[in-house]
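Quick notes on the structure that follows.
Here, residue 1 is the first one in the sequence, and each next residue gets the next number. Nothing here was measured: the structure is a model prediction, and the numbers come from that model.
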Amino acid sequence: MKIARLIFNPIQENTYVVWDETLEAAVIDAGNMGERENEILAKFISDNGLKPVLALNTHGHFDHLLGVNFLREKYGAKLAMSSKDDFLLKNASVSAELFGVRAGDLPEAIDIDLEGQESISFGATTLKIISVPGHTPGHVAFYEPQSKVLFTGDTLFRESIGRTDLPGGDYSWIMRSIIDNILPLGDEVKIYPGHGDVSDLGHESMYNPFVVEVLNNEVNYKN
């Protein structure tokens, strides 16, 4: 499995293009907006001979949705996301305006509901779907066990975690997701977050202050 990171939009969101030997591809959290960024993504896809079939979304915040309709219209890719974040999809344009972003054309409906699904496939690749609510109610992470790669969206960043003060956010949920559903995957697992640099779970267990204070029983995250 090959991975490319492209950083898009004013929120500096990480868009990942993921593909394998079949050249079928998934674009995870397509954040490209405007003609220039659309051209950057299209050129990368063309230069590598890829066929995007999925627009995979970890969650429904606008900065991760800005390029979805471009992928749908140009390549026929289908939007796959949890329906628990459907309320965010419907309010994405308003949310963008609150952040001073002119979002343009945003998707209004999910093509493939990931809620309750264990995995999703493209080409010869199967990604495990891990429920990680907290940043949003329907947030998921995508895990490829063979390469030990985890796309964490806005749940876990390098030495930080996602915000929980936005609609649908919950600190207890996000810490349960990290401690119970993500860290047990193993220290060697490499994480590709929705913003910022790549990391691994071993590093986060030692240096992420939000994780460390819970592991050291300094914070009761369950109440």
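- M33 is listed as a side-chain neighbour of P10, based on a closest heavy-atom distance under 4.5 Å.
- Taking the six-membered ring where the residue is Trp, the centroids of H64 and H195 are separated by under 6.0 Å.
- Inter-residue side-chain proximity for P193 and Y16 is flagged as met; some heavy-atom pair is nearer than 4.5 Å.
- Under the salt bridge (charged side-chain N to carboxylate O under 4.0 Å, His left out) criterion, D111 pairs with R72, sequence neighbours left out.
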Let me have the donor-acceptor pairs involving side chains of residues 173-185, under 3.5 Å, with sequence neighbours excluded, atom names and distances please.
unit_1: R176; atom_1: NE; unit_2: S172; atom_2: OG; d: 3.2
unit_1: R176; atom_1: NH2; unit_2: K222; atom_2: O; d: 3.1
unit_1: S177; atom_1: OG; unit_2: P133; atom_2: O; d: 2.6
unit_1: S177; atom_1: OG; unit_2: W173; atom_2: O; d: 3.0
unit_1: N181; atom_1: ND2; unit_2: S131; atom_2: O; d: 3.0

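- Between Y207 and H203, the angle of the ring planes lies from 30° to 60°, which puts this pair in the tilted group.
- Summarising the local packing, CD of E213 is surrounded by more than 12 heavy atoms from other residues, nucleotides or ligands at distances under 6.0 Å.
- A distance-only check finds no donor-acceptor pair linking the side chain of S46 to the backbone of A42 [under 3.5 Å].
- For the pair I130 and V140, the minimum side-chain heavy-atom distance is 4.5 Å or more.
- Within 6.0 Å of the CD atom in E35, the count of heavy atoms belonging to other residues, nucleotides or ligands does not exceed 12.
- Using a 3.5 Å distance cut-off with no hydrogens or angles, the side chains of S83 and E115 do not pair a donor with an acceptor.
- Remark: D165 engages R163 in a salt bridge (charged side-chain N to carboxylate O under 4.0 Å, His left out) (not counting sequence neighbours).
- Atom CE of M206 has 12 or fewer neighbouring heavy atoms from other residues, nucleotides or ligands inside a 6.0 Å radius.
- Both L65 and V101 belong to a single network of hydrophobic side chains, linked directly or stepwise wherever heavy atoms of I, L, V, M, F, W or Y lie under 4.5 Å apart.
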